[in-house]
Amino acid sequence: MAIRTVAIKIRIKTPNGKRVYANPVYEAKGRLKALYARVGGKPELHPEGVYCLRYGAKWEFLGQATDVVLATKLRREQELEDASNTSAPVTPITQVGPTILEALDNYISKKAIMDPTTGKEALAPKTLSHIRGVVEWFQRTCGKTYMREVTGEDFVGYFAMMRTLAKLDPKAPDHTEKLRKRNVTVKGHYATLRSFFKKHKINITDMLEEEQIPRCRGRIPEAYTEDELLKMWKAARPEEKIRLQFFCATGFRKQEVAYLTWDDVDLKTGVARVTPKQGWKPKNKTSREVSLPDWLVDLLRERRAARPNDTWVFPSATGMPARKSQMLYMLQAVAKRAGVRGRVDLHKFRSTYASLLNKNGKVTVEEISGRLGHADAVTTRSYLERMNQNTDRARQQTNETFANLA
């Protein structure tokens, strides 16, 4: 066990200009609250603060990245412990090298800053939090300490535990869809763990049999019919209607609509843009532009005139970006009033947008891909092909082909 002789301090500037050392402020699970110092027993924000480690008579300055500070602290404690254990017993080979949590701190600290060699951007705070949560949960589940101790059985047990915690009822009418969603979650955790262990030269895929690797069945994209859309427009209140119409006419994702500002909307050219914001980045980290229909531009122009001081185009009641759950509940309430049955969700508007553009016949797959923000046209083409199996055109083709065999 590491010797706890390494202390974290934060150097701050007092109102009279002096530089002093203070204790940092911690959040849940022992994480540092970035750039907060405890002064007079109370937490204070100090943007100019610099973290440092103190052990013995030595001071080591580490900058402002909290993950780097915690990871370095663990390394220094281990070095001090190794130096003190001059006659340590022989350690099993599986207990050599970094522990899972030490490796995690190092991994997160590297992902939290841009790679100057490759130019790869830093991961978003939400993504870093997800990675930390997955690895910590896996470590608690398997009970192993060191990276080399982990076996294929540990991963199989972790995936089984995730499916068990879902408490799925095979007799429930929506069991198939809930099981599919759970398998999507398990596959996502597998991908996160695979990337983490691969970075430390451990290939977990080689530890698993083919049937033990998590798989998930993709859901066939569905689109709203024009009749369903018109029913919802009729049943919606004015504020609900313009929000749902924007989803339908742009193909934007939920978060892209939530984080849309008036600076992103050019009412002169009729263009809406997806751009990164403080604390949020678009999927694939790419910005894009989408042309708006004239009738929607007119509605947005009226909305802007009525809300001249708003920052967000479709804010929540508190004036902040709307949460995904808020927008989904709004859609479900409108669909219920309109009598629209079947699967109802916001992502279905993206399928509707792609389907309507493809049905128009004047928009190429590459153009649809760019407007949807897909990584490449191959994704869009597969998306459309799967969806086009349940259309009037596909039904007509089938009837014409097999008409003589009745």
Electrostatic pair [X]:[Y] at N-O distance under 4.0 angstrom:
X	Y	answer
K33	E27	no
K231	E228	no
E79	R76	yes
E48	K13	no
K348	D345	no
E367	R371	no
E136	R132	yes

| field | Step-by-step side-chain hydrogen bond (donor to acceptor under 3.5 Å, both in side chains) determination, S355 to N358 | value | CA-CA 5 Å; S355 177; N358 188 51; over 6 Å; no

Shortest non-hydrogen separation from [X] to [Y] and the atoms involved:
X	Y	result
V290	T250	CG1-O, 3.9 Å
R304	D310	NH1-O, 3.0 Å
V334	A236	CG1-CB, 3.9 Å
Y21	F61	OH-CZ, 3.3 Å
V25	A37	CG2-C, 3.7 Å
Y353	A249	CE1-O, 3.4 Å

Check for a donor-acceptor pair, side chain of [X] on one end and backbone N or O of [Y] on the other, with a separation under 3.5 Å.
X	Y	value
S109	D105	yes
S351	E222	yes
S129	P125	no
Q64	G49	yes
R273	R288	no
R38	P24	no

Distance alone, cut at 3.5 Å: any donor-acceptor contact between the side chains of [X] and [Y]?
X	Y	answer
E60	Y55	yes
T261	D264	yes
K9	N23	yes
T72	R75	yes
Y190	S195	no
T275	K277	yes
H200	Y107	no

| side-chain contact (heavy atoms from CB on, under 4.5 Å) between Y224 and M232, intermediate numbers included | CA-CA 10 Å; Y224 295 111; M232 286 194 287; 4.1 Å; yes

Can you find a heavy atom in the side chain of [X] that is under 4.5 Å from one in the side chain of [Y]?
X	Y	value
R54	V6	no
V20	I12	yes
P282	P276	yes
E77	L74	yes
W137	H189	yes
V313	V265	yes
E289	D266	no
N183	R163	yes

| Can I202 and M147 be said to form a side-chain contact (heavy atoms from CB on, under 4.5 Å), step by step? | CA-CA 8 Å; I202 299 174; M147 297 285 286; 3.9 Å; yes

| task | Decide salt bridge (Lys or Arg N to Asp or Glu O under 4.0 Å) for E239 and R307; before the verdict, give the C-alpha distance in whole Å, the side-chain angles of both, and the deciding distance to 0.1 Å. | result | CA-CA 13 Å; E239 180 62 23; R307 300 165 174 254; 3.5 Å; yes

| query | For R237 and E240, what are the C-alpha separation, side-chain angles and deciding distance, and is it a salt bridge (Lys or Arg N to Asp or Glu O under 4.0 Å)? | reply | CA-CA 5 Å; R237 301 182 182 94; E240 296 170 335; 3.1 Å; yes

| task | For this output row, return yes or no: ring centroids of F314 and F246 closer than 6.0 angstrom. | result | yes

Distance check, rounded to the nearest 0.5 Å: [X] atom [atom1] versus [Y] atom [atom2]?
X	Y	atom1	atom2	answer
Q139	D154	CD	CG	10.5 Å
F159	I213	CZ	CD1	9.0 Å
L328	L346	CG	CG	5.5 Å
T192	I131	OG1	CD1	6.5 Å
L70	L32	CG	CG	4.5 Å
K234	L229	NZ	CG	15.0 Å

Flag yes if more than 12 heavy atoms outside [X] fall under 6.0 Å of its [atom1] atom; otherwise flag no.
X	atom1	value
Y26	OH	yes
M320	CE	no
D294	CG	no
Q278	CD	no

| said: Is the ring pair F138/F155 parallel, tilted or perpendicular, if the boundaries are 30 and 60 degrees? | reply: parallel

| request: Hey, can you tell me if Y259 and W312 have their rings parallel, tilted or perpendicular (30° and 60° cut-offs)? | output: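 The rings of Y259 and W312 stand perpendicular, inter-plane angle above 60°.
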
| field | Stepwise side-chain hydrogen bond (donor to acceptor under 3.5 Å, both in side chains) check, T225 with D227 | value | CA-CA 5 Å; T225 65; D227 181 57; 5.1 Å; no

| message | Taking side chain to side chain contact (heavy atoms under 4.5 Å, CB included) as the criterion, tell me which of V150, N203, V135 meets it with F197. | response |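 Of the listed residues V150, N203, V135, the side chain to side chain contact (heavy atoms under 4.5 Å, CB included) partner of F197 is V150.
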
| field | Full working for side-chain contact (heavy atoms from CB on, under 4.5 Å) between M162 and T185 | value | CA-CA 9 Å; M162 289 186 67; T185 302; 3.8 Å; yes

| task | Start with the C-alpha gap between K254 and R323, add the side-chain angles, then the distance that decides, and say whether side-chain contact (heavy atoms from CB on, under 4.5 Å) holds. | result | CA-CA 9 Å; K254 296 181 281 281; R323 296 194 301 271; over 6 Å; no

